[in-house]
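For the single chain, residues carry numbers from 1 onward in sequence order.
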Amino acid sequence: MNKSFAETYFSFDQVDWSAMKQSFYDTLYMTIVSTILVIVLGLLLGLVLYSLGRQKKASSKFSYTVVSIISNIFRSTPFMILMVLLIPFTTMLVGTMLGAKAAIPALVLSAVPFYARLVEIALREVDAGVIEAAEAMGASYWQVVYKVLVPESIPALISGITVTTITMIGYTAMAGTIGAGGLGSLAWQEGFQRGNYTVTMVATVIILVIVFIVQAIGDTLTKQTDKR
């Protein structure tokens, strides 16, 4: 017998709320841990790309090209394919290919190059006159980095990590289809495969709420740090 629209999507008595709660925590875990790692590694890689891009030596240009190609490979590979390719590495690293921990390596490797490019762009947009003034006053390279480049580009860096985090939330949902856990896994296994579309709908709404919260926090921090 065909179900009505309300019976299909709003039969909340068919939702296992304890499983939904655990899946929510798994999604938060994957997102938070991955975001912290992406901020650190992406900022470092972005600084490397920026530094190599500024130099005119042939060796620096070659190094920049190599790093760019490697970054583009990871950034361009579809997440599902990347996660499957990394199963042996993930198993060796975390001891399993299932669960929230298993999704983190793929999440980080896919997001770090993306965020690094945003970091590089943000650093390039810093006024060259400000950098030259700092160098003229005898500031070392690292002093220019943490006293000029990073402070001046903070709004763009925050905006970049906001976009990256939202992208990773979507990736956690995809990772759930191959056993990574989280809301995506629940929506796929309990929702789609068992025909319980209420579970899929609830999981989707929760993911959307997380995205809206992340976007709101990112927008607020960007406005507060923007000096213009």
(request) If a pair satisfies ring-ring contact (aromatic ring centres under 6.0 Å, His included) and one of its residues is in residues 15-47, list it, with sequence neighbours excluded. (result) none
(request) Quick one: list whatever passes side chain to side chain donor-acceptor pair (under 3.5 Å) with Gln22, sequence neighbours left out. (result) Asp26
(message) Just verifying a value: how many Å separate Leu186 CG and Ile206 CD1, rounded to the nearest 0.5 Å?
(response) 8.5 Å
(request) Scan residues 80-124 for pairs that pass ring-ring contact (aromatic ring centres under 6.0 Å, His included), counting only residues two or more places apart or in two chains. (result) none
(request) Keeping to residues at least two apart or across chains, list the side-chain hydrogen bond (donor to acceptor under 3.5 Å, both in side chains) pairs with something in residues 74-91. (result) Asn72-Arg75
(request) Would you check if the side chain of Ser110 reaches a backbone N or O of Leu107 as a donor-acceptor pair within less than 3.5 Å? (result) yes
(message) As a test of understanding, state which of Val163, Thr167, Ile161, Thr162 forms a side chain to side chain contact (heavy atoms under 4.5 Å, CB included) with Thr165.
(response) Ile161
(message) The criterion is side chain to side chain donor-acceptor pair (under 3.5 Å); which residues satisfy it with Ser18, sequence neighbours excluded?
(response) Asp16
(request) State the OG1-CD1 distance between Thr222 and Ile217, to the nearest 0.5 angstrom. (result) 11.5 Å
(message) Holding to side-chain contact (heavy atoms from CB on, under 4.5 Å), I want the full list of residues that pass it with Thr225, two or more places apart in sequence or in another chain.
(response) Ile154, Pro155, Ile158
(request) Any chance you could measure Ile131, atom CD1, to Glu152, atom CD, to the nearest 0.5 Å? (result) 9.0 Å
(message) Applying side-chain contact (heavy atoms from CB on, under 4.5 Å), can you list everything that pairs with Glu125, at least two apart in sequence or on another chain?
(response) Ile121
(request) Please report the closest heavy-atom contact between Pro113 and Ser71, naming both atoms and the distance. (result) CB-O, 3.3 Å
(request) State which residues pass side-chain contact (heavy atoms from CB on, under 4.5 Å) with Tyr64; sequence neighbours excluded, sorted by chain then number. (result) Leu49, Leu52, Ser68, Arg117, Glu120, Arg124
(message) Restricting to non-hydrogen atoms, name the atom on Leu93 and the atom on Pro105 that form the minimum distance, rounded to 0.1 Å.
(response) CD2-CG, 3.9 Å
Donor-acceptor pairs under 3.5 angstrom involving side-chain atoms of residues 31-48: please list them, not counting sequence neighbours.
from, atom 1, to, atom 2, distance (Å)
Thr31, OG1, Thr27, O, 2.8
Ser34, OG, Met30, O, 2.7
Thr35, OG1, Thr31, O, 2.6

(request) State which residues pass side-chain contact (heavy atoms from CB on, under 4.5 Å) with Ala134; sequence neighbours excluded, sorted by chain then number. (result) Ala139, Val144, Val148
(request) With sequence neighbours left out, write down each residue that passes ring pair (Phe, Tyr, Trp, His ring centres under 6.0 Å) with Phe79, or none if nothing qualifies. (result) Tyr171
(message) Could you measure the distance from the NZ atom of Lys57 to the OG atom of Ser63? Nearest 0.5 Å is fine.
(response) 10.5 Å
(message) Suppose the criterion is salt bridge (Lys or Arg N to Asp or Glu O under 4.0 Å): which pairs have a residue in residues 200-212, not counting sequence neighbours?
(response) none
(message) Please check this pair: side chain of Asn196 against backbone of Val15, looking for a donor-acceptor N/O pair closer than 3.5 Å.
(response) no
(message) Please give me the minimum heavy-atom distance between Met168 and Ala111, naming the atom from each residue.
(response) SD-CB, 3.6 Å
